[in-house]
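Data first, discussion second: the structure below is written as structure tokens.
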Amino acid sequence: MRGALIKCQVFLSSQRIQMIGHIHELVTHAIESLQNKGVFELDHTVEFNIERSKDSKHGDYASNVAMVLAKPLKMNPREIAQIICDELAETHHLSKTEVAGPGFINFFLTDACRVQVVRKILTLQDEFGDNATGEGQRISVEFVSANPTGPLHVGHGRGAAFGSSLSNILRKSGYQVDSEYYVNDHGRQMDILATSVWLRYLELCGEQVTFPANGYKGEYIYDIARKARNKWGDDYRHTAVEVFAQVCADEGQLGGDKEKHIDDLIVNSKEILGEGYEKIFKIALKFILNGIKDDLEAFNVHYDKWFSEKSLHDSDGIDRALARLDEGGHLYKKEGALWFNATHFGDEKDRVVMRENGLKTYFASDIAYLMNKFERGFDQSIYVFGADHHGYIARLKAAAKALGFDADKITILLVQFAHLFKEGEKIQMSTRSGQFVTLAELIEEVGCDAARFFYVMRSHDQHLDFDLDLAKSQTNDNPVYYIQYAHARICSIFRNLESEGLSHNEEIGHVAIESLSEAHEQAIIRLLSQYPEVVQKAAQNFAVNTVANYLRELAQVFHSFYNAHQVLQIDNENLRNARLNLCKAVRIVVASGLSLLGTSAPEEMRSDEKKND
RNA sequence: GCGCUUGUAGCUCAGCAGGAUAGAGCAGCCGCCUCCUAAGCGGCAGGUCGCAGGUUCAAAUCCUGCCAAGCGCACCA
């Protein structure tokens, strides 16, 4: 049979891809030619790879083609590799090929070809690394979406850092990204919040109130209450006796039930306050939401859209979603509640969408929100959830299928918890008691840069130990500063350029670029050329941490170079300009990578001034 | 009990669309500032990739079982 083969994993993206495609073509032609000559006899298709060599000793690219062909051809892989090498057409991109190891073919680029990347980076600037992976695709990334019942705490920080960085990376890979925060501004928790605020307000008015076990006890509730009192004075004051009339006993009391207790209080609050309840509710929501927005801004996290759950209730969003499920015959009544037969679509149990008391569950809103996302036409919707929400995967996918949508368009990424460590001790947190480390406190403590970097430097599905002391330290142990320092050093070189009476001529540098033949320089060039692939791979695998790892590596080779070679203090003008070009390219890529992670790229590092914070 | 996730160096972790001798950082030991910021660089030492099978020319990587850890299994949000 003719035309055996040939599939190659093509990593698209400008120059690299072209090179891999080019080499792939050369190999394919060689094999076809050998078939025609009757040297190779193949009767079925084979797949082989052209991939970047991990070790520079193995050239720039390598192929496993000979090993894959060994079996069908019943020949020794090294022998096959040699035959293919001899058959390869001439090309000015490659300086040599060699057979190595068990039968790899290694391809070596010419020096001229390899150093091209420096010019490319200086030309493209911060557009270097852009790739077309997501061209023409719209993608929704939802993250954090914490209930607006209190300030964000450190548990939300990782989702924020990850989701924000992921959005940046996807954008750089050509996706049209909508980042969203789903605001749960409706439902029981919000009523508990409003009621908690009102009770604190009554306290401020001088009423004797026993605060419910299930209420929100944080100090911020007082802040909101104070705000309400400043605004409305005693307008909403009622006696404690009135408020607690016919309320079930609280936890700890005889026959007490904290859930029933708070629910009764909510009912009373609504009745007693009437329209006033809505006002308290709104002032609380606004206060907290503004706080959340401020915290996220300070964390360099920005959203395209704040999606209100309430809007789904106010519009016909939820009703339409439920109607659609009903039309498909996926809803049924049982014991007064309305159920979605999620088990039919792979979930482990059916789910309630409307409770016996007539209230729609959060899951009903989730379904409506899901439908809304599909209706907006996203090619893909990413949910970033905390790992404790993994039960949601099956039910969301079940809902998507039941609604008639393609469940594969939903991707749920679970972010594992981060454990904070201080002085070697794990910090315990408990939201119940209102004692937790807020995100704002964390930023205050270690700074935005360190916090964001630490959160994403490990794979998102990996538990993370967050060492506060390390994040705060301004030493070489701290990876953030290590990378930023590389950037600052380069900026420093360019600052010193003028004071040394020198100047930078990029053109001279470009012409002399091949004089960068030192091992350190070659290592930097090699790494620089990988940046587009790193970004692309990070986008494809939703692996933000690979960017962090890459930056550390790049910083490392740069620091080595810096230590081994002078840039300014050399007489050879050509070499000096070539090295300046190289430094500038590193600076551009480091700055680009750091910005993807939402971390700044400072032009200088000054420990003395740092202490003034 | 069922489900999801994770077991790699003393510690924290990379690597996991299978590939050529398993990598970093910290901690330990030994070196480098008349030179662009030593927040840096170089070197030494450190691992039966949880255990056992299987697939493959090739397994830390894929499959199965077991062991261990974390999380989840509400008419809660």
Side-chain angles (χ1 to χ4, degrees), chain A residues 9 11 49 51 53-55 57-58 62 64 66-71 76-77 100-104 106 147 149 184 187-190 192 259 334-339 348-349 351-359 361-363 365-366 386-394 414 416-417 421 424 457-459 461-467 470 473-486 488-497 499-500 502 537 540-541 545-546 548-550 552-553 555-556 558-570 579 583 604-607 610:
Chain A
Q9 243 168 359
F11 290 96
N49 293 329
E51 45 186 34
S53 306
K54 282 177 189 152
D55 187 333
K57 288 199 283 286
H58 299 139
N64 64 347
M67 291 177 288
V68 173
L69 287 172
K71 200 170 189 184
N76 176 332
F104 286 103
N106 292 334
N147 281 345
T149 53
N184 291 118
R188 180 163 177 262
Q189 292 304 316
M190 288 307 296
I192 294 176
E259 304 293 344
K334 193 176 94 182
E335 293 160 16
L338 191 60
W339 295 70
E348 61 183 28
K349 56 182 69 172
R351 308 288 172 183
V352 172
V353 290
M354 196 192 298
R355 295 197 283 170
E356 193 175 4
N357 60 13
L359 293 178
T361 62
Y362 262 65
F363 184 48
S365 308
D366 292 340
D388 53 335
H389 280 56
H390 65 70
Y392 276 56
I393 299 178
L414 299 177
Q416 294 288 339
F417 294 120
F421 284 81
M457 70 182 182
R458 305 301 182 207
S459 173
D461 54 12
Q462 198 80 27
H463 288 277
L464 173 74
D465 284 356
F466 194 128
D467 185 335
L470 179 60
S473 74
Q474 291 167 19
T475 68
N476 50 352
D477 307 348
N478 191 331
V480 191
Y481 290 106
Y482 183 85
I483 295 164
Q484 289 181 325
Y485 186 40
R489 272 187 153 171
I490 296 168
C491 292
S492 173
I493 290 172
F494 280 90
R495 275 196 302 275
N496 289 331
L497 188 64
S499 51
E500 301 275 340
L502 300 167
K537 199 175 163 191
Q540 286 174 335
N541 298 340
N545 66 310
T546 56
N549 290 337
Y550 170 82
R552 186 168 216 302
E553 230 177 302
Q556 184 170 31
F558 177 76
H559 283 311
S560 292
F561 161 78
Y562 181 93
N563 208 256
H565 303 286
Q566 291 287 305
V567 176
L568 299 180
Q569 313 296 334
I570 50 177
R579 283 185 176 165
C583 288
E604 55 183 333
M605 312 287 273
R606 289 282 176 230
S607 54
K610 259 276 181 180

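Every chain is numbered from 1 and lettered A, B, ... according to where its sequence line falls, protein lines coming before strand lines.
- Using a 4.0 Å heavy-atom distance criterion, A:E348 is classed as a sugar-phosphate-only contact.
- Comparing B:A22 with B:G3, their P atoms sit 36 Å apart, to the nearest whole Å.
- Side-chain N/O atoms of A:H390 and base N/O atoms of B:C71 include a donor-acceptor pair closer than 3.5 Å.
- For a distance-only test at 3.5 Å, the side chain of A:H389 fails to qualify as a donor-acceptor partner of the base of B:G72.
- Nucleic acid contact class of A:E553 (heavy atoms, under 4.0 Å, all strands): none.
- When heavy atoms are screened at a 4.0 angstrom cut-off, A:N541 is found touching base atoms of the nucleic acid.
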- Message: side chain to side chain donor-acceptor pair (under 3.5 Å) for A:D55 and A:S53? Distances and angles first, verdict last.
- Response: CA-CA 5 Å; A:D55 187 333; A:S53 306; over 6 Å; no

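- Atom name C1', nucleotides B:C16 and B:G7: the rounded distance is 14 Å, in whole Å.
- The side chain of A:S459 sits closest to B:A14 out of B:A14, B:U12, B:A20.
- With B:U37, B:A39, B:C73 as the candidates, the nucleotide lying closest to the side chain of A:Y481 is B:A39.
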- Taking Watson-Crick and G-U wobble pairs with both distances under 3.5 Å, convert RNA chain B into its dot-bracket string, 5' to 3', dots for unpaired and | for cross-strand pairs. (((((((..((((.....[...)))).(((((.......))))).....(((((..]....))))))))))))....

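- With hydrogens and angles ignored, no donor-acceptor pair closer than 3.5 Å exists between the side chain of A:E500 and the base of B:C36.
- In this structure A:H390 satisfies the ring-ring contact (aromatic ring centres under 6.0 Å, His included) test with no other residue, sequence neighbours excluded.
- A:N106 comes within 4.0 angstrom of a nucleotide base, judged by non-hydrogen atoms across all strands.
- Judged by distance alone, with hydrogens and angles left aside, A:N64 brings a side-chain donor or acceptor within reach of the base of B:G19, the pair sitting under 3.5 Å.
- Comparing atom distances between the A:Q566 side chain and each of B:C41, B:U21, B:C36 picks out B:C36 as nearest.
- Closest to the side chain of A:R458, from the set B:U37, B:C13, B:U21, is B:C13.
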